[in-house]
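Since the model is a prediction, treat every value here as computed from it, not as a measurement.
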Amino acid sequence: MDTNRRDALKLGASAAVSGMFISNAIAAPGDRQSIVVEPMTGKAGFRIANYLPKMGASSRLGLVTNDGLIIDIPAEAARQKVQLSFDPTSMISLAAAGNAGLMELAAIFKNRGSKLVNVNQVILLSPIPKPQSNIYCVGWNYLDHFEEGLQNREDKTVKEYPKVPVLFTKGTQTMNGPFDSIPYDASYSTAIDWEAELAVVIGKKGKNISEDSAMDYVFGYSAYNDTTARDVQQKRHSGQWFKGKSLDGHGPMGPWIVTAGGVNLQDTRIICRVNGVEKQNASYKQMFFKIPVIISELSRSLTLLPGDIIATGTPSGVGYSRKPPEFLKPGDVMETEVTGIGIIRNAIA
């Protein structure tokens, strides 16, 4: 990491650590559960949300403080007369801005005004509502998940753990907000399954990236759920995964992106709950192919771009491997948590 980026993150951290974690002090409107602001596990970083100040307003980026307040980046930049090098309505643009964008965020954070609203008073959107390419995904990246599926997969040809990451994609129309409903179409599938994952967001263009330099290409992290129609994935299209992974809205992400310096991966856990009951809980340490390996393998003869999303795989505990199998149904609430980043909550409807 170069000096400018380190300085930017230090500035952000020095401003952030002064807050207390009291985001629930203002309740969410209606019967919506309050949004939880998780303590960052890294030494320096920012939580960057994509949000609507109110229904009907234009979306913009905001910095979420430790005490659950949201700093309107374009409004604060104008008030502070900070010239931005990125479009403050686009997370992809911010990711592409690199060190310059981080320095600008640090200045905005440090000199923020006092008239800030609570994150529970705004509408959080997916950090990247319109990905510029399919969402890259890693299959079977936890040994326990590979083993739990051996007896349940329709395709019995893969019996030994792969030597390189298993890669596939989800269509861009799968992207969904952190608190939006996931569509349920019983005429097509009644075997909708959960897959909690850590998402990586790429921060700069790269191809044939080495494992040693791979982490320099990471902009940040988010919580993600690779929601899957198991019957479609396994029994239709000759076992080809794309369609079963790519139903509309079957990829909620958020509640924000935490920049790379704000996350200590070794302290990160990936958790899924359904109706409050824990279904998955694993550590990043259990991930077989770590992020540098994934980025290096994915980028071989394939160019990665700022804003590209990589879902790094789900741990054991998915529904179709349970005895008897369990699947999501209308009215269920799926909660996906990545510790140190945040919690997303999606009803099945």
Original post:
Is Met334 reachable from Ile343 through a run of I, L, V, M, F, W or Y residues, each pair having side-chain heavy atoms under 4.5 Å apart?
Top reply: no
Original post:
To the nearest 0.5 Å, what is the distance between CD1 (Ile257) and OG (Ser222)?
Top reply: 5.5 Å
Original post:
Does the side chain of Phe327 come within less than 4.5 Å of Thr190's, by heavy atoms?
Top reply: no
Original post:
Hey, are Glu38 and Arg47 close enough for a salt bridge, meaning a charged N less than 4.0 Å from a carboxylate O?
Top reply: no
Original post:
Quick one: side chain to side chain donor-acceptor pair (under 3.5 Å) partners of Lys170, sequence neighbours excluded?
Top reply: Asp226
Subject >> From Trp256 atom CH2 to Ser126 atom OG, the distance as rounded to the nearest 0.5 Å >> reply: 13.5 Å
Original post:
What pair of heavy atoms forms the shortest contact from Pro131 to Thr172, and how long is it?
Top reply: O-CG2, 3.6 Å
Subject >> Backbone N/O of Val138 and side chain of Asn141: donor-acceptor pair under 3.5 Å >> reply: no
Subject >> Residues that Asn111 engages under side chain to side chain donor-acceptor pair (under 3.5 Å), provided they are two or more places apart >> reply: none
**OP:** Name all residues meeting the ring-ring contact (aromatic ring centres under 6.0 Å, His included) criterion together with Phe86; count only those two or more places apart in sequence or in a different chain, and write none if there are none.
**Re:** none
**OP:** Would you please test Thr259 and Phe219 for side chain to side chain contact (heavy atoms under 4.5 Å, CB included) and show each step?
**Re:** CA-CA 6 Å; Thr259 55; Phe219 171 65; 4.2 Å; yes
Original post:
Checking side chain to side chain contact (heavy atoms under 4.5 Å, CB included) for the pair Tyr161/Leu143: CA distance, chi angles, key distance, verdict?
Top reply: CA-CA 8 Å; Tyr161 198 77; Leu143 289 174; 3.6 Å; yes
Subject >> side-chain hydrogen bond (donor to acceptor under 3.5 Å, both in side chains) evaluation trace for Glu104 with Ser85 >> reply: CA-CA 8 Å; Glu104 290 153 17; Ser85 59; 3.0 Å; yes
Original post:
Taking atom types as modelled and ignoring hydrogens, do the side chains of Asp212 and Ser210 form a donor-acceptor contact shorter than 3.5 angstrom?
Top reply: no
**OP:** If a pair satisfies side chain to side chain donor-acceptor pair (under 3.5 Å) and one of its residues is in residues 129-139, list it, with sequence neighbours excluded.
**Re:** Ser133-Asp308, Asn134-Thr169
Subject >> Straight-line distance of Asn50 CG to Leu124 CG, nearest 0.5 Å >> reply: 9.0 Å
Original post:
Taking atom types as modelled, is there a side-chain donor on Thr228 or Asp193 under 3.5 Å from an acceptor on the other?
Top reply: no
Original post:
Do Ser299 and Lys207 come close enough that some side-chain heavy atom pair is under 4.5 Å?
Top reply: no
**OP:** Take Ile291 and Leu265 through the test side chain to side chain contact (heavy atoms under 4.5 Å, CB included) and record every step on the way to the result.
**Re:** CA-CA 10 Å; Ile291 291 169; Leu265 290 171; 3.8 Å; yes
Original post:
Going by heavy atoms in the side chains, are Val200 and Ile294 under 4.5 Å from each other?
Top reply: no
**OP:** Identify the two heavy atoms, one from Ser58 and one from Pro53, that lie closest to each other, and give their separation to 0.1 Å.
**Re:** O-CD, 3.6 Å
Subject >> Thr227 side chain vs Gly251 backbone, donor-acceptor pair below 3.5 Å >> reply: no
Original post:
Same hydrophobic cluster for Ile182 and Phe179, using side-chain heavy-atom links shorter than 4.5 Å among ILVMFWY?
Top reply: no
Original post:
Any link between Met91 and Leu305 through a network of hydrophobic side chains (Ile, Leu, Val, Met, Phe, Trp, Tyr) touching at under 4.5 Å?
Top reply: no
Original post:
With Phe168, which residues qualify under ring-ring contact (aromatic ring centres under 6.0 Å, His included), at least two apart?
Top reply: Trp241
Original post:
Can you list every pair that meets salt bridge (Lys or Arg N to Asp or Glu O under 4.0 Å) and has a residue in residues 70-97, with sequence neighbours left out?
Top reply: Arg60-Asp72, Glu76-Arg79
Original post:
Atom CD1 of Ile271 and atom NZ of Lys279: how far apart are they, to the nearest 0.5 Å?
Top reply: 14.5 Å
Original post:
Tracing side-chain links under 4.5 Å among I, L, V, M, F, W and Y, which residues wind up in one group with Leu125?
Top reply: Leu52, Met55, Ile123
**OP:** Find the distance between CG (Leu167) and CD1 (Ile310) and round it off to the nearest 0.5 Å.
**Re:** 9.0 Å
**OP:** For residues Gly206 and Tyr217, report the shortest heavy-atom separation together with the two atoms involved.
**Re:** CA-CE2, 3.7 Å
Original post:
Listed by chain and number, what are the salt bridge (charged side-chain N to carboxylate O under 4.0 Å, His left out) partners of Lys204, not counting sequence neighbours?
Top reply: none
**OP:** Run the numbers on Leu116 and Arg112 for side chain to side chain contact (heavy atoms under 4.5 Å, CB included), then give the verdict.
**Re:** CA-CA 9 Å; Leu116 306 178; Arg112 64 192 182 277; 4.2 Å; yes
Subject >> Contact list for residues 335-349, test salt bridge (Lys or Arg N to Asp or Glu O under 4.0 Å), sequence neighbours left out >> reply: Arg273-Glu335, Arg273-Glu337, Glu335-Arg345
Subject >> Stepwise ring pair (Phe, Tyr, Trp, His ring centres under 6.0 Å) test for Tyr142 and Phe288 >> reply: CA-CA 6 Å; Tyr142 292 79; Phe288 190 84; over 10 Å; no
Subject >> Closest approach of Ile209 to Ser296 (non-hydrogen atoms, all atoms of both residues) >> reply: O-OG, 2.9 Å
Original post:
Can Tyr184 be reached from Val333 by stepping across I, L, V, M, F, W or Y side chains whose heavy atoms are under 4.5 Å apart?
Top reply: no
Original post:
Less than 4.0 Å between a side-chain N and a carboxylate O, is that true for Glu195 and Arg230?
Top reply: yes
**OP:** Report yes or no: does Gln234 contribute a side-chain atom to a donor-acceptor pair with the main-chain N or O of Asp231 at less than 3.5 Å?
**Re:** no
Original post:
Quick one: side chain to side chain donor-acceptor pair (under 3.5 Å) partners of Thr312, sequence neighbours excluded?
Top reply: none
**OP:** Nearest 0.5 Å please: distance from the CG atom of Asn176 over to the CG atom of Leu247.
**Re:** 12.0 Å
Subject >> Hphob cluster co-occupancy, Ile48 + Ile344, side-chain heavy atoms under 4.5 angstrom >> reply: no
Original post:
Below 4.5 Å, heavy atoms only, C-beta onward: do Val64 and Leu69 meet side chain to side chain?
Top reply: no
Original post:
Are side-chain heavy atoms of Phe46 and Thr65 found at a separation under 4.5 Å?
Top reply: no
**OP:** Compare every heavy atom of Thr336 with every heavy atom of Glu197, then report the nearest pair and how far apart it is.
**Re:** N-CG2, 4.4 Å
Original post:
Do Ile348 and Ile192 come close enough that some side-chain heavy atom pair is under 4.5 Å?
Top reply: no
Subject >> Partners passing side chain to side chain donor-acceptor pair (under 3.5 Å) against Asn264 (at least two apart in sequence or in another chain) >> reply: Asp267
**OP:** With sequence neighbours excluded, give me every salt bridge (Lys or Arg N to Asp or Glu O under 4.0 Å) pair touching residues 283-295.
**Re:** none
**OP:** Can you see which heavy atom on Thr314 is nearest to which on Ala196, and at what distance?
**Re:** OG1-O, 2.8 Å
Original post:
Does the side chain of Leu304 reach to within under 4.5 Å of the side chain of Lys205, using non-hydrogen atoms?
Top reply: no
**OP:** Could you check if a side-chain atom of Val201 sits within less than 4.5 angstrom of a side-chain atom of Tyr221, using non-hydrogen atoms only?
**Re:** no
